[in-house]
Protein chains: 2
Amino acid sequence: MDTGDRLLTPGEVAALFRVDPKTVTRWAAAGRIGSIRTPGGHRRFRESEVRALLEGEGVLDDLDGDANRPRNAGPPQNGSHGPTNAGLH
Amino acid sequence: MDTGDRLLTPGEVAALFRVDPKTVTRWAAAGRIGSIRTPGGHRRFRESEVRALLEGEGVLDDLDGDANRPRNAGPPQNGSHGPTNAGLH
DNA sequence: CGGCATTAGGGTAATTTGGGGA
DNA sequence: AGTGTCCAAATTACCCTAATGC
């Protein structure tokens with residue numbers, strides 16, 4: 001498939017970002033990252049979205065000290081794996 | 001709308017949710033997801049119901065358009081007549 | 001008939017959740 | 001504003017053996 005709809009657990013995402021799983025949960029609660037809830041209440045994150053977030057901002061790094069850049073200027077619009085909604089006939 | 005013609009096996013549903021097949025069985029045992037039992041005792045799940053659970057929340061992704069639009073930060077969790085999604089503890 | 005992969009069931013450890021406070 | 005740590009609880013993951021499905 002195109003985007004690889006693999007789902008990651010909070011622990012996986014936390015390890016990728018080097019933060020605590022709790023922080024990842026906060027991102028999901030704040031709507032900063034898409035999250036899928038299991039019937040049990042646990043969250044799952046898209047591997048493609050996490051990847052876009054990881055690389056969307058790591059390359060453009062200014063060492064000068066300019067702290068005025070938008071935190072979301074990346075092209076993280078991977079939208080494609082959506083169900084297109086047209087699948088229901 | 002059709003009531004889901006295709007039936008999925010626990011392994012399929014587990015792969016979709018990135019969980020263990022045993023967990024899917026637990027959902028069915030808890031009544032969180034509809035399940036059809038085979039004469040032998042194995043369970044089968046409706047593809048339409050599983051898809052609705054996966055991410056049927058108003059995440060209607062747009063096929064195309066601007067790639068600079070912030071993500072939909074709306075927290076519209078399962079607002080439908082969800083299958084007893086009262087997983088809040 | 002035999003065979004293999006998957007599933008069911010019980011039990012225990014690990015992870016995740018939610019809120020509060022630093 | 002954002003993150004790390006504390007608590008208690010729930011949910012999930014992995015262990016096993018036997019039965020089912022194809």
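Reckoned from all heavy atoms, side chains included, excluding hydrogens, waters and symmetry mates. Chain A is the first sequence line, chain B the second, and so forth, proteins listed ahead of strands; every chain is numbered from 1.
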> Does D/dT12 have its OP1 or OP2 closer than 4.0 Å to a side-chain nitrogen or oxygen of A/T38?
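Indeed, a polar side-chain atom of A/T38 lies that close.
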
> A side-chain contact here means heavy atoms from C-beta on lying under 4.5 Å apart; do B/L7 and B/R46 qualify?
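A side-chain contact exists here, since the closest heavy-atom pair is under 4.5 Å.
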
> When you compare the protein's N or O atoms with those of nucleotides 10-16 of chain C, which come within less than 3.5 Å of each other, and at what distance?
unit_1, atom_1, unit_2, atom_2, d
C/dT16, OP1, A/G11, N, 2.5

> Would you mind reporting whether A/R43 and A/I36 have side-chain heavy atoms less than 4.5 Å apart?
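They are not in side-chain contact.
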
> Between B/W27 and D/dT11, is there a side-chain N or O to OP1/OP2 distance below 4.0 Å?
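It does not, given that no N or O in the side chain of B/W27 lies less than 4.0 Å from OP1 or OP2 of D/dT11.
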
> Kindly calculate the angle separating the two end axes of the helix from C/dG3-D/dC22 to C/dG19-D/dC6, each obtained from five base pairs, and round it to 10 degrees.
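The end axes of the helix from C/dG3-D/dC22 to C/dG19-D/dC6 are about 60° apart, to the nearest 10°.
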
> Flag the pair A/F45 / A/W27 as yes when their ring centroid distance falls below 6.0 Å, and as no otherwise.
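No, the ring of A/F45 stays outside the 6.0 Å limit from the ring of A/W27, centre to centre.
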
> With a cut-off of less than 4.0 Å, is there a side-chain N or O of A/R37 near OP1 or OP2 of C/dT17?
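No, because none of the side-chain N or O atoms of A/R37 sits under 4.0 Å from OP1 or OP2 of C/dT17.
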
> Within the structure provided, determine whether A/T23 and A/F17 are in side-chain contact (heavy-atom separation under 4.5 Å).
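Side-chain contact under 4.5 Å: no.
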
> Give the rounded distance in Å between these two atoms: CG of B/L7 and P of D/dC22.
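Taking CG of B/L7 and P of D/dC22, I get 11 Å after rounding.
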
> Going by purine N1 to pyrimidine N3 plus the second Watson-Crick contact, or the G-U wobble pair, all under 3.5 Å, which nucleotide sits opposite D/dT3?
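D/dT3 is paired with C/dA22.
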
> Count the heavy atoms belonging to other residues, nucleotides or ligands that lie under 6.0 Å from CZ of A/R51, then report whether that count exceeds 12.
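At most 12 heavy atoms, drawn from other residues, nucleotides or ligands, come within 6.0 Å of this atom.
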
> CD1 of A/I33 versus P of D/dT3: gap in Å, rounded?
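Rounding to the nearest Å, CD1 of A/I33 and P of D/dT3 are 12 Å apart.
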
> Let me know the distance between CG of B/D20 and C1' of D/dC15, rounded to the nearest Å.
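Answer to the nearest Å: 11 Å.
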
> Kindly indicate whether the side chain of B/D20, heavy atoms from C-beta on, has any atom under 4.5 Å from the side chain of B/T25.
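No, too far: nothing below the 4.5 Å cut-off.
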
> Tell me, do A/T38 and A/R44 make a side-chain contact under 4.5 Å, heavy atoms counted?
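Yes, close enough: below the 4.5 Å cut-off.
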
> Does any non-hydrogen side-chain atom of A/P39 lie less than 4.5 Å from one of B/L53?
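With C-beta onward as the side chain, the pair touches.
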
